[in-house]
Amino acid sequence: MRYSLPPLNSFRAFECVARHMSFAKAALELGLTPSALSYQIKMLEEQLQVQLFVRLNRAIELTSAGHRLLPGVEAGLDNFSEAVARVKGMDEDNVLVISTGPGTASKVIAPRIYRFMEAYPEIELRISANLKLVDFYKDDVDLGLRFGRGPYPGLQVDFLMEDYLTPMCAPRLAEQMRQPEDLKNFTLLHEDSMATFLNAPGWKDWLRSAGVSHTAWADKGMHFSQIDHAQDAAIEGAGVILGRKVLCAYDARLGLLTNPFDLKIPATAHYMLVGLENSFQKHKCKVFIDWIKSELEELCPA
């Protein structure tokens, strides 16, 4: 027998309020105003002809009718989600979520991701680009592609590649440079995220390695919180970046960036894959690991 049921959104609203026991928190999760959420609950109560919540001074409680309704609504919403996932083919075996920094996402993975899609069309690759550390026990992430030093307690770590720093700029700027001291005549671009590493190398370190003794001017210039933004500014001729070899490799191949001097210094951090040990055993993760290693070797051959 089929019944005339209230709208699905009203059941979602009811489940969310019951889970949080708060109209304000539920409204925030659902992207609704509190008044709009209250209206949905009111319409559900009117259609069912029962009261679902008791409004107290600073809290709410489920009524006996609400307690009877909640398990069925939760089960129904779970069934809807599972059915949609099956239709879209979005099960655990073919959705691969990789967490990485914005710079690595835009300068390493994004330009080459089509190659992974062509090789593994059955896998849906999702890139989560941010600098926050992932909690692999709570977050929906399979592997983390990190540029750092570690350690990462409790996680398996697979080393990928060392990185180096060297000046990079648009070719038209490089033509105007003859020796490292000439850099003081150009705007230096700084990536502030490197400062999160203890004793992270910077412009002064490279200049000293190049034999430049007076480097007070090296602190001046433009500062960026993200490396890819600084790199894009360098491409446009805004100045010279102390670029990471790995991140600059693709733009260098396109002729957008070049290194005016051959000297490079260690970045004192490296690229690695991190995650739970069982994640490394999954087929979808294994093929990504093999793929990213191959791509990095081609991008930055030893």
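Keep in mind the model is a prediction, meaning the values are calculated, not measured. Note: hydrogens, waters and symmetry copies are ignored here, and every other heavy atom, side chains too, is used.
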*In terms of hydrophobic clustering (I, L, V, M, F, W, Y; side-chain heavy atoms under 4.5 Å; direct or indirect links), are Met21 and Leu32 co-clustered?*
yes

*Hey, quick one: are Met43 and Val73 part of the same hydrophobic cluster, counting side-chain heavy atoms closer than 4.5 Å, chains of contacts allowed?*
no

*Roughly how far, to the nearest 0.5 Å, is CG of Leu273 from CG of Leu155?*
12.0 Å

*How close do Ala252 and Met168 get, heavy atom to heavy atom, and via which atoms?*
CB-CE, 4.2 Å

*Sub-3.5 Å donor-acceptor pair from the side chain of Glu45 to the main-chain atoms of Leu52, do we have one?*
yes

*Which of parallel (below 30°), tilted (30 to 60°) and perpendicular (above 60°) describes Tyr120 and Phe116?*
tilted

*Do Asp182 side-chain atoms and Gln179 backbone N/O form a donor-acceptor pair below 3.5 Å?*
yes

_Given 3.5 Å as the limit, does a donor-acceptor pair link the side chain of Ser106 with the main chain of Pro102, or not?_
yes

_Donor-acceptor contact present, side-chain Trp291 to main-chain Ile113, <3.5 Å_ = no

*asked:* When you measure from the side chain of His190 to the backbone of Ser225, do you find a donor-acceptor pair of N or O atoms at a distance under 3.5 Å?
replied: no

*Flag if over 12 foreign heavy atoms under 6.0 Å of CE, Met117*: no

*Within the distance-only criterion (no hydrogens, no angle test), does the side chain of Ser38 pair as donor or acceptor with the backbone N or O of Pro34 below 3.5 angstrom?*
yes

*If two hydrophobic side chains count as joined below 4.5 Å and joins carry through other members, does Ile127 share a cluster with Tyr114?*
no

*With Lys107 as the cation and Tyr250 as the aromatic partner, state whether NZ or CZ is under 6.0 Å from the six-membered ring centre and within 45° of the axis.*
no

*Could you pull out the closest heavy-atom pair between Ala26 and Leu37, with the gap in Å?*
CB-CD2, 3.7 Å

*Are the side chains of Arg115 and Glu295 in touch, meaning some heavy atoms are under 4.5 Å apart?*
yes

_Taking the basic N atoms (NZ, or NE/NH1/NH2) and the acidic carboxylate oxygens, is any pair closer than 4.0 Å for Lys284 and Glu124?_
no

*Within a reach of under 6.0 Å around CD of Gln49, are more than 12 heavy atoms found that belong to other residues, nucleotides or ligands?*
no

_Donor-acceptor pair, side chain of Asp135 and main chain of Tyr137, under 3.5 angstrom_ = yes

*Within a radius of less than 6.0 Å around NZ of Lys138, do more than 12 heavy atoms belonging to other residues, nucleotides or ligands occur?*
no

_Contact summary for Pro180 and Leu207, nearest pair of heavy atoms_ = O-CD2, 4.2 Å

_Spatial distance of atom CD1 (Ile123) from atom CG (Asn94) [nearest 0.5 Å]_ = 8.0 Å

*Measure the CD1-SG distance between Ile241 and Cys248 for me, rounded to the nearest 0.5 Å.*
5.5 Å

*Asp142/Arg126 ion pair, N-O < 4.0 Å*: no

*To the nearest 0.5 angstrom, please state how far the CG atom of Leu8 sits from the CG atom of Leu77.*
6.0 Å

*For atom CG of Asn185, is the number of surrounding heavy atoms from other residues, nucleotides or ligands below 6.0 Å larger than 12?*
yes

*Which atoms form the tightest heavy-atom contact between Phe280 and Gly275, and what is the distance?*
CE1-N, 3.6 Å

*Hey, quick one: are Tyr39 and Val50 part of the same hydrophobic cluster, counting side-chain heavy atoms closer than 4.5 Å, chains of contacts allowed?*
no

*Are Pro6 and Phe11 close enough that some pair of their side-chain heavy atoms sits under 4.5 Å apart?*
yes

*asked:* With a 3.5 Å distance limit and no angle check, can you tell me whether Thr215 reaches the backbone of Ala218 through a side-chain donor-acceptor pair?
replied: no

*Under the side-chain contact (heavy atoms from CB on, under 4.5 Å) rule, what do Leu165 and Lys264 come out as? Steps first, then yes or no, please.*
CA-CA 5 Å; Leu165 304 176; Lys264 61 183 182 181; over 6 Å; no

*Does any non-hydrogen side-chain atom of Asp205 lie less than 4.5 Å from one of Leu242?*
no

*State whether the side chain of Thr166 and the backbone N or O of Leu263 hold a donor-acceptor pair below 3.5 Å, judged by distance alone.*
yes

*So does Asp140 have more than 12 non-hydrogen atoms from other groups sitting under 6.0 Å from CG?*
no

_Row check, Phe147 ring normal vs Arg244 NZ/CZ: under 6.0 Å, within 45°_ = yes

*Could you go through the salt bridge (charged side-chain N to carboxylate O under 4.0 Å, His left out) check for Lys245 and Glu162 one step at a time?*
CA-CA 9 Å; Lys245 176 185 175 183; Glu162 297 285 357; over 6 Å; no

*Within-4.5 Å side-chain heavy-atom neighbours: Glu61 and Leu56*: yes

_Are Phe136 and Val274 packed together at the side-chain level, in the sense that at least one heavy-atom pair is separated by less than 4.5 angstrom?_
yes

*Kindly determine whether Thr63 and Phe53 satisfy side-chain contact (heavy atoms from CB on, under 4.5 Å), including the steps that lead there.*
CA-CA 5 Å; Thr63 64; Phe53 295 99; 5.6 Å; no

*Check whether any side-chain heavy atom of Tyr164 sits under 4.5 Å from a side-chain heavy atom of Val246, and report yes or no.*
no

*asked:* For Arg12, I'd like to know if atom CZ has over 12 heavy atoms of other residues, nucleotides or ligands within 6.0 Å.
replied: no

_Take a 6.0 Å sphere around CD of Glu277 and say whether it holds more than 12 heavy atoms from other residues, nucleotides or ligands._
no

*Stepwise side-chain contact (heavy atoms from CB on, under 4.5 Å) test for Phe23 and Ile41*: CA-CA 10 Å; Phe23 276 81; Ile41 298 298; 3.9 Å; yes

*Do other residues, nucleotides or ligands put more than 12 heavy atoms under 6.0 Å from the NZ atom of Lys204?*
yes

*Can you tell me how far the CG atom of Leu143 sits from the NZ atom of Lys286, to the nearest 0.5 Å?*
12.5 Å

*First locate atom CG of Leu96, then atom CD of Glu122, and finally report the distance between them rounded to the nearest 0.5 Å.*
11.0 Å

*Indicate if Leu299 and Phe159 have the same hydrophobic cluster label, given that clusters are the connected sets of ILVMFWY residues with side-chain heavy-atom separations under 4.5 angstrom.*
no

_pair Met272-His270: side-chain heavy atoms closer than 4.5 Å_ = yes

_Does this structure show an ion pair linking Arg19 with Glu15, if we count only N-O contacts that are shorter than 4.0 Å?_
yes

*Are a donor atom and an acceptor atom from the side chains of Asp251 and Gln231 found within less than 3.5 Å of each other?*
yes

_Give me the atom names and distance for the closest heavy-atom approach of Asn130 to Arg146._
O-NH1, 3.6 Å

*Hey, does Ile292 have a side-chain heavy atom less than 4.5 Å from the side chain of Tyr271?*
no

*For side-chain contact (heavy atoms from CB on, under 4.5 Å), just list the numbers for Thr258 and Arg172, CA-CA rounded to whole Å, side-chain angles, deciding distance to a tenth of an Å, and then say yes or no.*
CA-CA 9 Å; Thr258 188; Arg172 61 183 176 85; over 6 Å; no

*Verify, without hydrogens or angle tests, whether Thr187 (side chain) and Gly221 (backbone) share a donor-acceptor contact under 3.5 angstrom.*
no

*Shortest non-hydrogen contact from Gly66 to Phe14?*
O-CZ, 3.6 Å

